[in-house]
2 protein chains.
Amino acid sequence: MFTPLFNHIQKFIVLEPSEIDILESHLSISKVKKKEHLLQEGQVCDTLYFILKGFARQYIINSKGSEQTLQFAIENWWITDYLSYHNTTPSHFYIQTVENCELIAIQKSTLESLLIEIPKLERYFRIVSQKSFGAAQMRIKFLFTMSAEERYNHFKKQQPDFVQRVPQYMLASYLDFSAEFMSKIRAGKV
Amino acid sequence: MFTPLFNHIQKFIVLEPSEIDILESHLSISKVKKKEHLLQEGQVCDTLYFILKGFARQYIINSKGSEQTLQFAIENWWITDYLSYHNTTPSHFYIQTVENCELIAIQKSTLESLLIEIPKLERYFRIVSQKSFGAAQMRIKFLFTMSAEERYNHFKKQQPDFVQRVPQYMLASYLDFSAEFMSKIRAGKV
DNA sequence: TGAATTTCTTGAAGTAGTTCAAGTTTTTAA
DNA sequence: TTAAAAACTTGAACTACTTCAAGAAATTCA
């Protein structure tokens, strides 16, 4: 049942059977209904989530009271607020499931013991987070250099299946334009 | 001479004197004049840079041919293109010194041997990159929710000294507005 | 030092998007 | 299976910014 996570880990490091056992003994799977919150703004984030099925998003509520999605996490992605996690400070973000999800939730205390028992995991998380940081830089590049329509087309090309799954207004906010403008782009009225 | 780096590392892990010796034997300091490139678009990035003195920036050239800064790295910060580094793919970015710099450049092969000799460093780089990723998420939040003027005031409040050091047109592009608009914000003509 | 270069400023005209309001379509759940 | 809720569409009016062009100020370095 944890296979997707073990496979993901083994893209970066090699796990001994004994280490897989240790991991299994510490992990558990949660089923979470769509639209449930894994983290609320103001809470201190002390959990990492690995998505097995469904998807989640990180969002904020802007000054006009509307939601803006900063990040999606689909199958085989980690999602959390690392700043709140490391600094033990209140989070600026909400994390919410969008579809019904199966996920592995690892609390800080569990992760810390896992990292002591299997120090190699430090390497796994290092590489994953360095790549995530790289991806965040690319995201900023796209936001800076592309028009709204270009961002939409680029995203659709990179993630054609995901575009079918995600509500348009949510994708619009992720790409930093309004839901109305998304409609016009899709209708070719731009 | 490497003290700023050792201090930075020891914020997150404890180094034995012997480990400091190993580190010292692998590291060297480079002096780089202002406006020199550490990485060019199209090159595969195989080096991490730790800034001791001065500062550098990561930038792109947009479709209109003008430079847009994505990231600054001041004293005690790492800068590199992690995506190019990990995937061995051509970089989308330039990395350039802005002031005369003293920096520690660590090549991939050196870093890999260091990580084998001092596995604890995996933990250091994991925590640093998770926090960087968290900071990148906050940056996207600010870009999404604040007006140009708010972004400028917020940055000035967070980094009052740095605002004095960085050319205004460069900060304007980092905050995602034009140099001309920066002038108007500063003159209170907005 | 002073000429060249880089950086900053200003106003006028333009535009890629937003906001609003109202209606339509699709999905949800009892 | 239907009523309610959520998601999407459309057009008109608006605006936060950009672009352009030209000049002024500051910095660089031969």
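Reminder, nothing fancy here: chain letters follow the sequence lines and each chain counts from 1.
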In whole angstrom, what separates [X]'s [atom1] from [N]'s [atom2]?
X        : N      : atom1 : atom2 : answer
A:Lys184 : C:dC20 : NZ    : P     : 13 Å
A:Tyr152 : C:dG17 : OH    : P     : 15 Å
B:Glu149 : D:dT15 : CD    : P     : 17 Å
B:Glu99  : D:dT27 : CD    : C1'   : 14 Å
A:Arg165 : D:dA7  : CZ    : C1'   : 18 Å
B:Ile185 : D:dA16 : CD1   : C1'   : 11 Å
A:Phe181 : C:dT19 : CZ    : C1'   : 13 Å
B:Met170 : D:dA26 : CE    : P     : 19 Å

Short N-O contact, [X] and [Y], less than 4.0 angstrom:
X        : Y        : value
A:Glu180 : A:Lys189 : no
B:Lys156 : B:Glu149 : no
A:Glu75  : A:Arg165 : yes

When we call it a touch if two heavy atoms are under 4.0 Å apart, what does A:Tyr169 touch: a base, just sugar-phosphate, or nothing?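 Answer is sugar-phosphate: A:Tyr169 comes under 4.0 Å of backbone atoms only.
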Touch check for A:Lys189, heavy atoms < 4.0 angstrom, all strands: base, sugar-phosphate only, or nothing?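 The answer is sugar-phosphate, as A:Lys189 gets under 4.0 Å only of primed atoms, P, OP1 or OP2.
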Is the phosphate of D:dA16 approached by B:Ser147 (side-chain N or O, under 4.0 Å from OP1 or OP2)?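 Negative; the distance criterion is not met.
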D:dT19 OP1/OP2 closer than 4.0 Å to side-chain N/O of B:Lys64: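 Yes, B:Lys64 has a side-chain N/O under 4.0 Å of OP1/OP2 on D:dT19.
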Between [options], which nucleotide has the shortest distance from any of its atoms to the side chain of [X]?
X        : options                : result
B:Lys35  : D:dT9, C:dT6, C:dT9    : C:dT6
B:Phe177 : D:dC17, C:dG17, D:dT9  : D:dC17
B:Ser183 : D:dT9, D:dC20, C:dC8   : C:dC8
B:Glu180 : D:dC17, C:dG17, C:dT10 : C:dT10
B:Ala148 : D:dC17, D:dC8, C:dT18  : D:dC17

Name the residue closer to the 5' end of DNA chain D, choosing between B:Lys34 and A:Val166 according to the nucleotide with the nearest heavy atom.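 Comparing both residues, the 5'-ward one is A:Val166.
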My understanding is that only one of B:Trp77, B:Tyr174, B:Phe162, B:Tyr49 makes a ring pair (Phe, Tyr, Trp, His ring centres under 6.0 Å) with B:Phe55; could you say which?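 The single option meeting the ring pair (Phe, Tyr, Trp, His ring centres under 6.0 Å) with B:Phe55 is B:Phe162.
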Can you see whether B:Phe12 has B:Arg126 sitting over its ring - NZ or CZ less than 6.0 Å from the centre and within 45° of the normal?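 Pair B:Arg126/B:Phe12 does not count as cation-pi.
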